Amino acid sequence: MHRREFLKSSAAVVLGAGLLPLARVLPAAAAPADTIVVATGATINSLDLHRQGTNRASYQVAVNAYDRLVKFGTKTMPDGSLSYDSSVIEPDLAESWAVSDDGKTITFKLRPNAVFADGSPVTAQDVKWSLDRAVSLGGFPTTQMKAGLLEKRDQFEVVDDKTFKITLPRSSKLTLPDLAVPVPFIINSKVAKAHATAEDPWATEYLHRNTAGSGAFVVERWEPGQQLVYARNDKWTSGKLPQAKRVIMREIPSAATRRALIERGDVDLVFNIPSKDAKELKEAGKAKVVSTPIENCINVLALNENFEPFKDKRVRQAIAYAVPYEAIFKTAAYETGVPMWGAEKLEGIAWPQPSTYKQDLEKAKALLAEAGYKDGFTVPFFINLDLASWMEPTALLIQESLAKIGIKAPIEKIPGANWRTAASVEKRLPMHLDDFGGWLNYPDYYFFWAYMPGTIFNSSNYNNPEVIKLVNETLDLPVTDPAYAPNIKKVIDIVYDDVPRIPLWQPALSSAMTPKIGGYEYWFHRQPDARPLTKS
Amino acid sequence: MDGTPQTSAPAPRASGGIGRHMLYVLRANPMTLLAFVLLTLFLVAAVLGPAIVPHDPLATNAVNALKPPSLSHWFGTDDLGRDVFSRVVVASRLDLAIALSAVALSFAAGSVLGSLAGFYGGWTDRIVSRVLDTLMAFPLFVLAMGIVAALGNSVGNIVLATAIVNLPFYARLSRTEVNIRREAGFVQAARLSGHSDISVLATQIFPNALPPMMVQISLNLGWAILNAAGLSFIGLGVRPPTPEWGIMVAEGARFIVSGEWWLALFPGAALMLAVFTFNMLGDGLRDIVDPRQRS
Amino acid sequence: MTSSRGMIVLKRLAQAIPTLFGVIVVTFILTRALPGDPAAYFAGPAATPESIAQVRAALGLDKPLAAQFLRYVQDLATGDLGQSISTGQTVLSDIVTRLPASLELTLSALALSVAIAVPLGILAATRQGTFIDHLCRVVVTAGVSLPVFFTGLALVYVFYYQLGLAPAPIGRLDFAYISPPPVTGFFVIDALLAGDAETAGAAFGQLVLPAVTLAIFTLAPLARMTRAAMLQVLGSDFIRTARAAGLSRRQVLFSYAFRNALLPVITTFGMVFSFALGANVLVEKVFAWPGIGSYAVEALVVSDYAAVQGFVLVMAILFVVVNLLIDLSYTLIDPRVGFDG
């Protein structure tokens, strides 16, 4: 350990001890109203989303401790809960922006009073440094930036201290929303540069362990594998100051323990609970449960077209007719989420929307026979161990049904670490379950990732020239373009007829909280947003 | 796990003696008797299991999921509506098979390695000992975990991993037993009468190492079952939907807090009882093998 | 005498070197055989093959295996255990922060286990063949027959969830407490040293259930060994002589028999320690205990080479040290025993 870091960490301990005089002697249940304790199952492995190897759970730091140029709005769902609103883009650090007539340049005006947690003003130089960083470090952030056509550093230009300009190769509806996802967060470049070295020009080492943002919180303590403590940044200017002075994210690996904690009121909120717990806690009234269907996300049974029998559309359809949808929705989803099967007909461009398939073993058998597989075949069926809570029951039910039409599907579990390589990179899994969801809430964004040859989530190796053409045409089109809706409709018709991915249900993200907790908001990034939480 | 100083114990020779001694031990130690009874029960379940269970252990029934124990489902049903009793009974075959084959494998490989090392000494001994030391330097479960993670989680690899981590026990035991006897009078005599090294080793020396190894085998059978269960708990176990006690406990554990205790309890009890049986058996065998301890 | 003892210790240490080297090699091979591609995992959810290649190069995984091994050994020689990709910290700092947690748990469990198992073993030996003997045997055997994760979950369910007697299984300290200033790394002791009885009590409360879980599992070998060793000693000539000489039963039992029975019990201790560390992995998982066992499981699952290697290496060193201590304690108890035996 470096001496400097040691001094800092011991200072943090002393500081923490000084700040928490009351909490020291009070049980957690009676912790002061300005401290909120959240239990999660995932480990935060970095404070820097841009860093190589930063995991999903760590994205919440970019949300809670940093701001972006723009942000999504918030809407109230039919059940009264809060959700982000993908259709509204609001000012965050930028107070206004102007899009040129050809849509190829966007000029942002930064809010004059915006300051970082250390009190220094947010400038266009900081914005450029941060976006440069996002497109330069490679890996996921760079890929995500690319989706909004943000690829090269020379696209970002400082006009003056408070004016910042982005130049695009072409106009796209995805650019502004892509600036509102967690990735292009704005870093205090003065602080970061002070810790940059020749080998590490983007200060990844420093920002990995420290936050330097203008967000609602600063990270006060971070003990990987144990907890992360946010302390409110009273200088935050981008929204209503959080009510909680301190939010503790405690890592509890066992889902059963997390459930016990919330039932006994030992934590204030449990983020992302299994569907079964959501249903039972709600029914028993033991906690307040909020379940929000995850936008642009479907749990699917994916069939890999590189695998011989699945090259034949009739075989894929036969399987779609063999899936026991009702039983799966009942025993794997515990009726949380939205069914994605059994529609009378496909309607409009709503996405995701239910398919017209429902279980019909006779039809399945007929289709198989027609395709020349009267006696069935054997295909290994892969599931992701990390998602076993829904994948395993789903797979077992599908396996049992497939046996009835002569298809033997031995189940293979792959550890989460190996899943991505096998499913998305090598694309070698003949039959598997998948839960891809697109961050940006446009059907064509989903199609691009899931149905285009070569893209990462097309683990079915689906390759349909018409779909490719339609998606490429549609991706940059504004939703108001007359060609947009017909194109989307056409793609839905095709991919639901071809069914390389058999839709099962649209999953929900559920969290349980004590009745004292308010303000919980669902986000597409599926990470806890500590900012709006309140405790009475 | 076993560390009883048995090396000094001479193996009983007369078979009539051993029979009488066995009877004595069984009478004096009702727990060993109980262990034999339980073992018979498990063996019956393993052999006849699939034929005698009331339900298909793999048949799901979404309507009937998570039902508590009742007359039609003695141990209740699991999250997919499968009959827990049938699964527990049928699982005994796989669990016993894993344990038996793992232990047989480590017994065979361990004895060969250990005997050679003990018999020839020198470099053979040094190399074997170093390899054993290396294996012993890992916490057993951690090594098993690593092997299964590296090779993939199939029944074969679970058996292999369990065999590898148990191997040093047999190797060390046979090495010691062979080593102290290689210069013994009866060995010299056999040599002089023209037997080859291997034949002397196999027919004259090694049989003496068998009794203490029997004890080890019994104890290891229990441990092998626990090992497989532990692997299942961290997600490296047997593939679904195959019923296996460890994986049933591990999966059932998720349901304890929500009140569906029967999912974990019954396979857990079966698991415990099986391990218990082997441990008791090991204890009893030790008494039979090593009469001095009962003096 | 002292210098020769020093020589013996040195020799004993030298013996450990090939083992350590073997451990390094085995670990390296094992971790490289893990099927996961850490590069793909850490490139994130929307990575392209190019970005995965970038990550792979950054991790040095594009080099041939031999080069990777050489680099690894060189790093080790300079005390660099590498960087854990899953926690984002250096493996050394991870282990330094987590090892005390595991040791605190394991040692408390073993202390508890010894405190129960040794008297049980003696009791069983002195009442050999009676109901008490059988009962002891059944109880400890039942303990070792239970999968630790099952025991742990059951204890949590009963004592935390149902009865509310135990604190929530959320690691070493409740949210409400600040970890005591580190001295030994053992929270209970550190808190007491800092004069903070409140925190010490809380840390102790967190420790009870996992320690009991682990202790139940380790009772059997210790109790069995104590019983067997006591029986052997009690049956030996010098005890008979001592009895004949009219020494009291108590005296015979404790000053003669037990002292001599200690040796095999201590030998077993090394084995039990190994046993406990393995079981620790599962116990830590159940109780969210931030030790190196749970760390290793996580690392293994994500193919975090450096972390797995570091963990195993530390384990091996720990073992060598424990076995050395056991060998040394031999001489303390029984000066006749040399090291070479």
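Since we're looking at a predicted model, the values are computed, not measured.
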With sequence neighbours left out, write down each residue that passes salt bridge (charged side-chain N to carboxylate O under 4.0 Å, His left out) with A:E223, or none if nothing qualifies. A:R221

What part of A:T142 lies closer than 4.5 angstrom to a heavy atom of chain C: side chain, backbone, both or neither? neither

Euclidean distance, A:Q226 CD relative to C:I170 CD1, rounded to 0.5 Å: 11.0 Å

Heavy-atom distances under 4.5 Å only: say whether C:Y157 touches chain A with side chain, backbone, both or neither. neither

Picking from A:L261, A:D48, A:I44, which has the most non-hydrogen pairs under 4.5 angstrom with chain C? A:L261

Roughly how far apart are C:Q162 CD and A:R264 CZ, rounded to 0.5 Å? 9.0 Å

Which atoms of C:V96 come close to chain A, meaning under 4.5 Å heavy atom to heavy atom: side chain ones, backbone ones, both, or neither? neither

Do you know which of A:E251, A:E263, A:R250 has the most heavy-atom pairs under 4.5 Å to chain C? A:R250

So what's closer than 4.5 Å to chain C heavy atoms on A:E205: side chain, backbone, both or neither? side chain

Counting only heavy atoms not in C:F159, do more than 12 sit closer than 6.0 Å to its CZ atom? no

